[in-house]
Amino acid sequence: MADRIQPPIEFETPRLRLRQWLESDLAPFAALAADPQVMAFLLPVATRADSDALAERFKARIAASGWGFWAVEHKDSGEFAGFTGLNAPLAALPFSPCVEIGWRFARKWWGQGLATEAARGALQIGFERLGLDEIVAFTALGNLRSAAVMERLGMREDAAGAFDHPAVPEGHALRRHRLFRIGRPQQR
Ligand SMILES: CC(C)(COP(=O)(O)OP(=O)(O)OC[C@H]1O[C@@H](n2cnc3c(N)ncnc32)[C@H](O)[C@@H]1OP(=O)(O)O)[C@@H](O)C(=O)NCCC(=O)NCCS
């Protein structure tokens with residue numbers, strides 16, 4: 001399923017379009033990555049080149065498998081707001097193999113329920129189109145806004161599953177992560 005070349009899955013929610021990345025997303029994505037408040041609980045994206053490369057990786061994964069971290073466009077304005085989607089983490093995590101759901105929005109789009117709306121759409125794609133049995137989410141301990149999205153989605157915290165993220169250096173304040181899980185609707 002994940003490794004076949006497929007046309008990109010793209011979809012809409014009431015206020016948002018989740019789609020393949022465009023060249024015009026790169027500048028607003030770099031601006032978001034340069035905002036210390038957006039990046040407070042994430043490892044830094046140091047340069048514009050790093051931000052472009054990250055977007056390129058997201059785009060390549062969607063091109064290869066049909067799904068991934070989609071660019072999120074605000075339908076009314078046509079503006080790029082951030083990304084949301086599904087990802088098979090490259091790092092070996094204690095609960096691998098897994099598919100995670102994740103999100104990152106520019107600050108001007110916070111506080112409107114947009115991350116939860118985009119993520120609900122992505123969960124639906126994961127369960128109904130990709131046939132996943134479970135989707136996980138994880139976040140650094142202090143990232144209460146992100147954990148609140150997980151809770152709003154109906155994800156359950158696996159308290160025993162808290163883990164040190166192997167991509168975060170030992171001793172770094174963001175190393176310890178909380179783990180949340182959600183199963184296919186009929187299994188809940
Ligand atoms: C994590 C992140 C996506 C959460 O964004 P968010 O806007 O707080 O989350 P939601 O989309 O669920 O919005 C919920 C808020 O919108 C409010 N809201 C307003 N209108 C709403 C509506 N129509 N529907 C739902 N909620 C609405 C809710 O009351 C809630 O407000 P609160 O934060 O004051 O409690 C955002 O903070 C972010 O991009 N952070 C930086 C990147 C990051 O850390 N990513 C996660 C890494 S694990």
Side-chain angles (χ1 to χ4, degrees), residues 11-18 21 25-46 50-51 54-55 57-58 61 68-77 79-91 93-96 98-126 134-159 161-169 172-182:
F11 60 97
E12 293 190 6
T13 66
R15 292 175 289 175
L16 303 168
R17 180 171 295 118
L18 283 84
W21 290 74
D25 299 331
L26 296 181
F29 184 52
L32 165 169
D35 181 339
Q37 241 179 293
V38 171
M39 301 303 289
F41 300 102
L42 297 163
L43 291 180
V45 177
D50 292 338
S51 159
L54 187 58
R57 279 207 299 281
F58 295 162
R61 283 197 166 203
F69 282 138
W70 289 280
V72 177
E73 184 180 304
H74 182 247
K75 287 201 288 194
D76 276 358
S77 63
E79 283 184 62
F80 170 88
F83 72 76
T84 298
L86 304 168
N87 177 55
L90 289 178
L93 303 174
F95 40 89
S96 293
C98 65
V99 172
E100 64 162 323
I101 185 164
W103 36 73
R104 195 177 302 180
F105 282 74
R107 223 174 342 140
K108 73 175 267 195
W109 304 104
W110 295 12
Q112 303 175 52
L114 294 173
T116 298
E117 179 176 317
R120 283 211 177 95
L123 284 181
Q124 195 176 353
I125 296 287
E134 186 186 60
I135 295 173
V136 302
F138 43 84
T139 185
L141 292 189
N143 197 347
L144 302 183
R145 275 189 171 272
S146 191
V149 176
M150 295 168 197
E151 279 159 5
R152 278 193 282 274
L153 292 170
M155 302 187 83
R156 299 228 179 91
E157 182 160 17
D158 176 353
F163 66 103
D164 291 333
H165 199 300
V168 183
H172 194 291
L174 298 179
R175 193 150 200 252
R176 194 74 183 158
H177 276 59
R178 298 166 74 180
L179 173 66
F180 288 72
R181 301 175 183 269
I182 189 166

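Remember, it's 1-based here, ligands and their atoms both numbered in the order they're listed.
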What residue and heavy atom of the protein are closest to atom 5 (O) of ligand 1, and at what distance?
Ala115 CB, 3.9 Å
Note the single closest protein heavy atom to atom 35 (O) of ligand 1, along with its residue, its atom name and the distance in Å.
Arg152 NH1, 4.5 Å
Nitrogen or oxygen of Leu42 less than 3.5 angstrom from that of ligand 1
no
Once rounded to the nearest 0.5 Å, what's the spacing between atom CG of Leu93 and atom CZ of Phe138?
5.0 Å
Within-cutoff protein neighbour (heavy atom, under 4.0 Å) for atom 32 (P) of ligand 1:
no
Closest non-hydrogen protein atom to atom 19 (C) of ligand 1, residue and atom name please, with distance?
Gly111 O, 3.0 Å
Which heavy atom of the protein is the closest neighbour of atom 40 (N) of ligand 1, given with residue, atom name and distance?
Trp110 CZ2, 3.2 Å
Between Phe80 and Trp109, ring centroids under 6.0 Å:
no
Purely on distance, is any nitrogen or oxygen of Gln37 under 3.5 Å from one on ligand 1?
no
Would you call Phe41 a ligand 1 contact, heavy-atom distance under 4.0 Å?
no
Please report the shortest heavy-atom distance between Glu117 and Thr13, naming the atom on each side.
OE2-OG1, 2.7 Å
Looking only at distances, please establish whether an N/O atom of ligand 1 is found under 3.5 Å from an N/O atom of Phe105.
yes
Would you mind running through ligand 1 and noting each atom that sits below 4.0 Å from a heavy atom of Leu114?
11 (O)
Of all protein heavy atoms, the one nearest atom 26 (N) of ligand 1 is Gly113 CA, 3.3 Å
Keeping the roles fixed (side chain from His177, backbone from Arg175), state whether a donor-acceptor pair exists under 3.5 Å.
yes
Kindly indicate whether atom 29 (O) of ligand 1 is approached by any protein heavy atom to under 4.0 angstrom.
no
Just distance, no hydrogens or angles: give the donor-acceptor pairs under 3.5 Å from side chains in residues 32-46, sequence neighbours left out.
residue, atom, partner, partner atom, Å
Asp35, OD1, Gln37, N, 2.8
Asp35, OD1, Arg107, NH2, 3.3
Asp35, OD2, Arg107, NE, 2.9
Asp35, OD2, Arg107, NH2, 2.9
Gln37, OE1, Arg107, NE, 3.4
Gln37, OE1, Arg107, NH1, 2.7

Step by step, would you call Phe58 with Asn87 a side-chain contact (heavy atoms from CB on, under 4.5 Å)?
CA-CA 9 Å; Phe58 295 162; Asn87 177 55; over 6 Å; no
Working to the nearest 0.5 angstrom, can you tell me the gap between Met150 CE and Arg178 CZ?
8.0 Å
Near Phe138, which atoms of ligand 1 are under 4.0 Å from a heavy atom of that residue?
48 (S)
Quiz question for you: does at least one protein heavy atom lie closer than 4.0 Å to atom 7 (O) of ligand 1?
yes
Identify, for atom 12 (O) of ligand 1, the protein heavy atom at the shortest distance, and state residue, atom and that distance.
Thr116 OG1, 2.4 Å
Give the residue and atom name of whichever protein heavy atom lies nearest to atom 21 (C) of ligand 1, and the separation in Å to one decimal.
Gln112 O, 3.2 Å
Counting only nitrogen or oxygen atoms and a 3.5 angstrom limit, does Arg104 reach ligand 1?
no
Atom indices of ligand 1 within 4.0 angstrom of Val149 heavy atoms, with elements:
4 (C), 9 (O), 12 (O)
Give the residue, atom name and distance (to 0.1 Å) of the protein heavy atom nearest atom 34 (O) of ligand 1.
Arg145 NH2, 4.9 Å
Any idea how Trp21 and Phe83 line up, ring-wise: parallel (<30°), tilted (30 to 60°), or perpendicular (>60°)?
tilted
What pair of heavy atoms forms the shortest contact from Thr84 to Ala122, and how long is it?
CG2-CB, 4.5 Å
Between Arg17 and Lys75, is there a donor-acceptor pair closer than 3.5 Å when you use the side chain of the first and the backbone of the second?
no
Please report the closest heavy-atom contact between Ala115 and Val149, naming both atoms and the distance.
CB-CG2, 4.3 Å
Ile182 and Leu123 have their tightest heavy-atom pair at CG2-CD2, 4.0 Å
